[in-house]
Amino acid sequence: MSKKRFTEDELLDSLTAYKAHADDLSEVNIEEWTEMLNQAESISLSDAEYEKFVTALNSESDLAAIEGMKNLLQQKAPWE
């Protein structure tokens, strides 16, 4: 299956100042966002994991702490 590749001219052809800004593409619907947030499952950390996370956020740029945060965030979520 081949994909059509657009040329730069084709991409810029219908571009206007109004269409160029991502924040103009959609409006925030408070009810939709509230419903999504209410349905979202929270991420739970053990007390030890939480302490490591907070310590890493508050510390200087410590490579070991950054690696620890990477490992923590790469863990599977409880619902997966």
Side-chain angles (χ1 to χ4, degrees):
M1 180 168 92
S2 64
K3 295 182 179 180
K4 178 176 176 15
R5 303 252 182 225
F6 293 99
T7 65
E8 184 178 359
D9 289 336
E10 289 173 322
L11 292 172
L12 296 176
D13 186 38
S14 63
L15 190 64
T16 64
Y18 180 75
K19 293 180 187 175
H21 301 284
D23 56 348
D24 289 332
L25 296 178
S26 65
E27 293 183 15
V28 175
N29 183 324
I30 300 299
E31 290 82 21
E32 287 179 19
W33 277 98
T34 303
E35 185 178 337
M36 284 191 316
L37 289 172
N38 288 336
Q39 292 177 4
E41 294 186 37
S42 60
I43 297 173
S44 59
L45 300 174
S46 68
D47 289 342
E49 289 173 327
Y50 177 78
E51 288 301 322
K52 285 181 188 177
F53 184 70
V54 171
T55 301
L57 288 175
N58 291 330
S59 68
E60 294 291 321
S61 296
D62 177 18
L63 294 179
I66 292 172
E67 286 301 314
M69 282 180 42
K70 283 182 186 178
N71 292 336
L72 178 65
L73 294 174
Q74 289 175 350
Q75 291 179 1
K76 282 191 169 188
W79 54 88
E80 290 181 338

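Note that the numbering runs from 1 along the sequence shown for the chain. Treat the numbers as computed from the prediction; the structure is a model and nothing was measured.
Enclosure of atom CG in N29 by more than 12 non-hydrogen atoms of other residues, nucleotides or ligands within 6.0 angstrom is indicated. Within a 6.0 Å sphere centred on CG of L73, other residues, nucleotides and ligands contribute more than 12 heavy atoms. Atom CD of E49 has more than 12 heavy atoms from other residues, nucleotides or ligands within 6.0 Å.
Using a 4.5 Å cut-off between side-chain heavy atoms of Ile, Leu, Val, Met, Phe, Trp and Tyr, with links allowed through other members, I30 and L37 fall into different hydrophobic clusters.
Atoms OG1 and CD, from T34 and E32 in turn, are 10.0 Å apart once rounded to the nearest 0.5 Å. Note: N38 CG to W33 CH2 = 13.0 Å, rounded to the nearest 0.5 Å.
With sequence neighbours excluded, the residues forming a side chain to side chain contact (heavy atoms under 4.5 Å, CB included) with D9 are T7, listed by chain and number.
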